[in-house]
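Notes follow once the structure below has been shown.
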Amino acid sequence: MEETIARILTELEEINQIPNTQNQTPLISRSTLLDLHSLLSTNDPDLVSQLFDDLPSKSLSPSSLTNLLSFTMDSAPSYSLLASKVYLSLLLSPNSPVFTLFTPISFLSFLRSLRRAFKNCPSAQPEESPPYNAPPNRKRKAGGRGRGARGNVRGSGDCSEEASDTFDMKQVFKVFEMLVSVLGLIHLDRFPDSLKSLIQTFGEIPLMAMEKLGNPSSFNRLMDLCSRVLSEVLRSEHGELANTAAEVLKALSPLILMVKSQARSFALGFVTKRMTELGNESDGVKKAVVNFPRYLAQKAPEKAEPRALAVDSIMEVVKVMDFEDQIGYMDYVLKMTQGKANLRLLGVDLIAMMLMSLRDPFGVVSDVKTRDYWGTRCLEALITRCSDLSAGIRARALSSLAQVVGFLSIDDRNKGILKEVMRLSEGGEERPLCGMNDLLKNRCMDDKAAVRKAALLLVTKLISLLDGCFGGILLKTVGMACSDPLVSIRKAAISALSEAFRTFSDESVTTEWLHSVPRLITDNESSIQEECENLFLELVLDRVSRAGPACAPKKGSVSPESYLTTKSLEGELELLFPEGILILLKGICDGEVTPWVKKLCTSLGKKKRLKPKIAAALQNIIKTSESIWLSHSMPIEKWTAPAGAWFLLSEVSVYLSKAVEWEFLHHHWQLLDKPGSKGKLQSPLLQGNANEDGEGVESNSVAWAGDRVFLLQTISNVSMELPAEPAADLAHNLLKRVEKFNMHSTEVNAHVKALRTLCKVKSLNPVEADQLVMRWGQQLLSKAHEILEKYISDDKEANNNNSFFTPPRSGSRKGKQAARASRLLSKTVTAVYTVGSLVVVCPAADVSSIVPLLYTVVTSGNSDPKLNKLPGPKVSLKQTAPSLYIQAWLTLGKICLADGKLVKSYIPLFVQELEKSDCAALRNNLVVMMADFCVRYTALVDCYIAKITKCLRDPCELVRRQTFILLSRLLQRDYVKWRGVLFLRFLLCLVDDSGKIRQLADFLFGNILKAKAPLLAYNSFIEAIYVLNDCHAHNGHNDSKNSRTESRLFSIRGNDERSRAKRMRIYVCLLKQMAPEHLLATFAKLCAEILAAASDGMLNIDDITGQSVLQDAFQILACKEIRVSSHRGAASDSAEVEEDGDSSASAAAAKGRAITQAVRKGLIQNTIPIFIELKRLLENKNSPLTGSLMECLRVLLKDYKNEIDDMLVADKQLQKELIYDIQKYESAKARTTAAEAVAGMQNQGVYRSPPCVPKAATGADPENKMNQKLSSDSKVASAIADAAAEATARSVLREVNKGAMTPPLKAINMPKLKSNQAGSSAKNDRSLDVLESLRRRIDDEN
């Protein structure tokens, strides 16, 4: 070893003589380091002492040895780890001068060598590097002067040399173990920078090791050593434990806040396990751990996924804290929910996690019962955030609340507390507006899609808590959400409403579900169609299937009462049918639901998803209803099946024909086909008189006729399965029934269709079937012709006879003739309707003899002299026989639909009747006919579309809705184009008096039209403003008299508040359809085509309609829908939904900045000059629109007050004038608002402090809302204070004057002065002088 020591000292001497310059650095060679390591590894005190004793002989010192090791660790990447190992061995060697060897600089070099070792380990690839580095090594050896002179001098520029050794993890482990021993030897309390660097290094090593090491076992061992190092640091010898623990936690926080990884698991485990254990022994460590979640909350990122990971990490730390510390952190989180937007958002996430992660949030397990438990406060804070100003926070709070409710509802003990806190229980009279129902209603109608979706998710989770206590408005709101433009929200609404229907069979829930969900079978989204089918199958058909076997009548269920009504029997049936089946079946046959049920059954049938047990269950329900009726000895001719049963059976039987029994159908056909009181439909008056001997049972002829129709449809559907003989007999009976022409029109179609189907069964081939149909069709046509001709001739004869008889004829004879004429009219109407049904079934039928007669009916009483020459009644049948008149038009339309030659002559006649008819039923039928003509004969009807659109303003709601639906379908299928006035006339449906039409219009414009014609709203916006105001004050308008009349019909004239609100709703709807670039273009067009036109004199602002157009333009420019979001400083807006990623967020931010620049540029170059010129013009005319202009200008410049200097840089005087005018207008508006508020206070008689209002009630009461609005504006609040003070002074003066008002100064001829002669009254006189001065001041102000 003596040779080794001599060799080490010789090289160290040579290295020490090399100057440390910029181009060369003295380094210890690898061989010398190996010699040092072997020497120090012996742990021989004598050898170590000899080394240190011989250093002075070579002009060396222990500090110089440390410096050389530092240089080597810093500048020799290839063996810096070996130098680090030698450095630690030197410190641990016996009898070594530790305090001389340890310096902060050398320790920092050691830490840097550790970082460098992990950075270089995987990318070095030492097997391939020697060939590249061999020549330089050989070159250095060739010119060597001595052992270590040049070989140990490294140029600072040779940084390309990388590690040539294989990275040996064993060496790293050894270094870490030695470092633990060194930390036990050296106290770092005197070296705070070294301690901080050590902690930061070991906070970075886990991340570097995770990226470089692939062996899990090696990584786990390395993390164990890191944990030992950090644990060693957390000793009192290294400084104040609280500060050290804070530094450790700060260094680990980046690992804890990163994505899920091994490094994050290590950091969390160290904090939650090791530091928690140390915290039990040290208050300083415990304090740092307790404050650590607060630090993490401040450092948590705003992006969705990193924020969620931060919340998980925080909760991992909170879980290991003591209960008192958890409560303290919960109070901190509650304060966060009242802070900045990013903190409120994080607080919402933390509250939800605490409620779901911590034990017993409501204290149901605790022995101590308290009303204000920590979970209650958290839940209330979460509910409060559901009404946050930021849409992103509202959405997050609602979704978090849904998660909390779903989690806590699992324990029944929590449900009562949830109901109480969420105001879902009965005893909450002090809580306004029924609590959660109103919150959900408002959130389901929120402007932001994410909020609506989250609210619907919360409704789904609250189903079990609501116990069926749904508010009607809430149900309607969720039902309307099923028509939302966004697919995700429609799905959420379907889920919420279906969950309510699945849980509760209440009539209101059932009705709303049937009116909202089945209609989505026609949705554009295929996934929604599939969901609609699945839900209908589960919630309707499967329920009916389960109810069928369970509805057998029970013994003893028969009521002993002898007098029964239909309602009492229905109540008995409801006891037999579970799950509200009767309500469900009744809702299915609603006129607005049946079209969708038919489509659903058709779709399910084609996919073979209908099961035979559905048909069996429906038959069982009908049989059970009949048996219960007969069990009470009721007359069978007055029995009707449960509403909707026959209808549903007729729909499913198309695909389940084998599941329907012929005996069942035959029995009920014989039952319903019996002649009697129900053989024909009677008027309601006759029906009421006929019930006197019916033992109290209410007859329902309409239901009976409907059952008969659906039974015929069912027979027609299953006719292919019928035997030949029964089918022939049934066809013969049906034909006989039709030939009598005594059925109601609802039955005629069913009979004719059933006849056609049965003919197919009887025939051997299709040709024979067509011949058979044609044969009985012509037979029916000939009989119908005879009846119609006879009625026309009788009517003509009656009119002629009446014209010759001046005195009245006898009453008995007149009554008999009237009865006979009434029967003939009824038969004629049915015959005409039968002709129309026959033409639909058999278009090839010869109707040449019927058409002239129908023409005679529809033109009877016409004032046209050419038509008067035709044979027929001179008195219009429209007055004498309106039912025949309407049926004649309907049948003529069906004939024209089948005959292309005939339709060319009759379409003008249809259009003329549509414009002039005063019968709503006829107009409705004509609209349907014109829509059918448009599909079949598009070119012929296209020129009449403008006349058809007049029905959008029809007085009858049914006609308006029918027209809107039919034209919308034609537009979607491109039979009609969005051109001309069609689009502008459709706009008025957005503000129709009918809520159903408004809902349909919102869906058309917001969903269908936005996708089909995205530029339509932009291209027609300016024209819509002129048309809606019926403005012709522009020089470009020169309309005819006829177009003036039509334009007034499709306008919303007037400057009143109601008219302006309607027009504004239309404008807002159009603006919502525009892209940001179109909003900017619309902004420019408004300024150029309306504001500039008004300032140039092209738009006459003296005209009332011109003023309305200008005022609408001001309101549009000031509304929030036309503004493009600038994304300036809105931290909460970035979290509105959930971020899609950094790239999309940065792209959106860049787009937002570009749009903002465009807005500013447009505002500078175009808007400001136009507004200035228009302002001068309006002020010169003393126009009332000046206030609207100033309000618009104030709103436009509100967000750019700081940039006004840049906008108006060329004209400082103009800038000052604008600012002064805006401030003056705001002050005047504030005084007006204040005066109105004070007047309202005076009317209420309150000049006192407002009463204490509960926190939950704020914002709910309209008065509170008004107070909040007033107090939010400082100018308004100041003006209110001044006005209130003035009013108070007036009241004092009035009281002094004993009720008499103070006269103004001008009313006083001369001042009245009192002499101050009495010294005793000096004090009273002084007070009178004060009052007199105050009185004069008030009068001067007046």
Side-chain angles (χ1 to χ4, degrees), residues 1022 1025-1026 1028-1031 1033-1035 1052-1061 1063-1064 1067 1082-1120 1122-1123 1162-1201 1204 1207-1208 1211-1237 1273 1275-1276 1278-1279 1283:
I1022 302 299
I1025 298 176
Y1026 283 101
L1028 291 176
N1029 284 282
D1030 190 24
C1031 178
H1034 197 279
N1035 291 345
I1052 310 176
R1053 289 173 58 96
N1055 222 0
D1056 56 290
E1057 189 66 28
R1058 185 169 179 269
S1059 300
R1060 289 202 306 269
R1063 293 196 300 268
M1064 200 62 203
Y1067 301 147
T1082 301
F1083 189 98
K1085 289 174 70 175
L1086 281 169
C1087 296
E1089 299 185 23
I1090 295 182
L1091 302 188
S1095 62
D1096 295 341
M1098 295 184 67
L1099 177 63
N1100 184 11
I1101 58 176
D1102 295 330
D1103 184 79
I1104 186 64
T1105 58
Q1107 293 179 7
S1108 298
V1109 168
L1110 192 57
Q1111 189 166 11
D1112 284 0
F1114 289 144
Q1115 286 187 332
I1116 295 169
L1117 290 173
C1119 73
K1120 63 180 181 180
I1122 201 172
R1123 301 181 211 162
L1163 199 64
I1164 296 168
Q1165 296 181 351
N1166 301 322
T1167 309
I1168 297 298
I1170 296 174
F1171 267 91
I1172 294 170
E1173 184 63 30
L1174 194 57
K1175 173 177 172 293
R1176 292 171 181 169
L1177 176 64
L1178 295 178
E1179 287 177 347
N1180 292 335
K1181 291 179 174 289
N1182 197 18
S1183 173
L1185 297 177
T1186 306
S1188 300
L1189 181 144
M1190 294 305 298
E1191 179 67 21
C1192 177
L1193 187 59
R1194 183 187 66 82
V1195 172
L1196 289 178
L1197 299 180
K1198 183 178 181 181
D1199 294 334
Y1200 302 96
K1201 285 185 178 180
I1204 289 181
M1207 292 181 182
L1208 304 174
D1211 194 342
K1212 295 293 183 181
Q1213 182 63 28
L1214 179 60
Q1215 168 192 339
K1216 293 178 181 179
E1217 290 178 2
L1218 278 178
I1219 296 175
Y1220 174 76
D1221 288 342
I1222 291 175
Q1223 292 176 349
K1224 183 178 178 182
Y1225 172 75
E1226 289 179 347
S1227 300
K1229 185 178 179 181
R1231 286 195 299 270
T1232 304
T1233 306
E1236 294 175 355
D1273 193 338
K1275 291 186 177 181
V1276 176
S1278 177

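As a basis for the values below, the full set of heavy atoms in this structure was taken, side chains included, without hydrogen atoms, waters or symmetry mates. Counting from 1, the numbers follow the sequence of the chain as shown.
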Gap separating the [atom1] atom of [X] from the [atom2] atom of [Y], nearest 0.5 angstrom:
X: Asp1096; Y: Glu1173; atom1: CG; atom2: CD; answer: 8.0 Å
X: Arg1060; Y: Gln1111; atom1: CZ; atom2: CD; answer: 4.5 Å
X: Gln1107; Y: Cys1031; atom1: CD; atom2: SG; answer: 10.5 Å
X: Tyr1067; Y: Ile1025; atom1: OH; atom2: CD1; answer: 5.0 Å
X: Lys1175; Y: Thr1186; atom1: NZ; atom2: OG1; answer: 8.5 Å
X: Leu1086; Y: Leu1091; atom1: CG; atom2: CG; answer: 7.0 Å

**Message:** Does Leu1178 form a side-chain contact (heavy atoms from CB on, under 4.5 Å) with Ile1101? I'd like the steps, not just the answer.
**Reply:** CA-CA 9 Å; Leu1178 295 178; Ile1101 58 176; 3.8 Å; yes
[X] vs [Y] side-chain heavy atoms within contact, under 4.5 Å:
X: Phe1083; Y: Ile1116; result: no
X: Leu1177; Y: Ser1183; result: no
X: Leu1099; Y: Glu1089; result: no

**Prompt:** Are any side-chain N or O atoms of Ser1059 and backbone N or O atoms of Asp1056, one a donor and one an acceptor, separated by less than 3.5 Å?
**Reply:** no
**Message:** Looking at Asp1102, is its backbone amide N or carbonyl O close enough to the side chain of Asn1100 to form a donor-acceptor pair, meaning the two atoms are under 3.5 Å apart?
**Reply:** yes
**Verdict with reasoning, Ile1090 to Asp1112, per side-chain contact (heavy atoms from CB on, under 4.5 Å)** = CA-CA 10 Å; Ile1090 295 182; Asp1112 284 0; over 6 Å; no
**Message:** Would you say Arg1063 and Asn1029 are linked by a side-chain donor-acceptor pair, where the criterion is simply a distance under 3.5 Å?
**Reply:** yes
**Request:** Could you check Glu1179 against Arg1176 for salt bridge (charged side-chain N to carboxylate O under 4.0 Å, His left out), going step by step and ending with a plain yes or no?
**Result:** CA-CA 5 Å; Glu1179 287 177 347; Arg1176 292 171 181 169; over 6 Å; no
**Request:** Please report the shortest heavy-atom distance between Ile1170 and Ala1092, naming the atom on each side.
**Result:** CG2-N, 3.9 Å
**Prompt:** side-chain contact (heavy atoms from CB on, under 4.5 Å) between Cys1192 and Leu1189: does it pass, once the steps are laid out?
**Reply:** CA-CA 5 Å; Cys1192 177; Leu1189 181 144; 5.8 Å; no
**Message:** Before you tell me yes or no, could you show the steps for Leu1174 and Phe1114 under side-chain contact (heavy atoms from CB on, under 4.5 Å), namely the whole-Å CA-CA distance, both residues' side-chain angles and the distance that decides it to 0.1 Å?
**Reply:** CA-CA 12 Å; Leu1174 194 57; Phe1114 289 144; 3.6 Å; yes
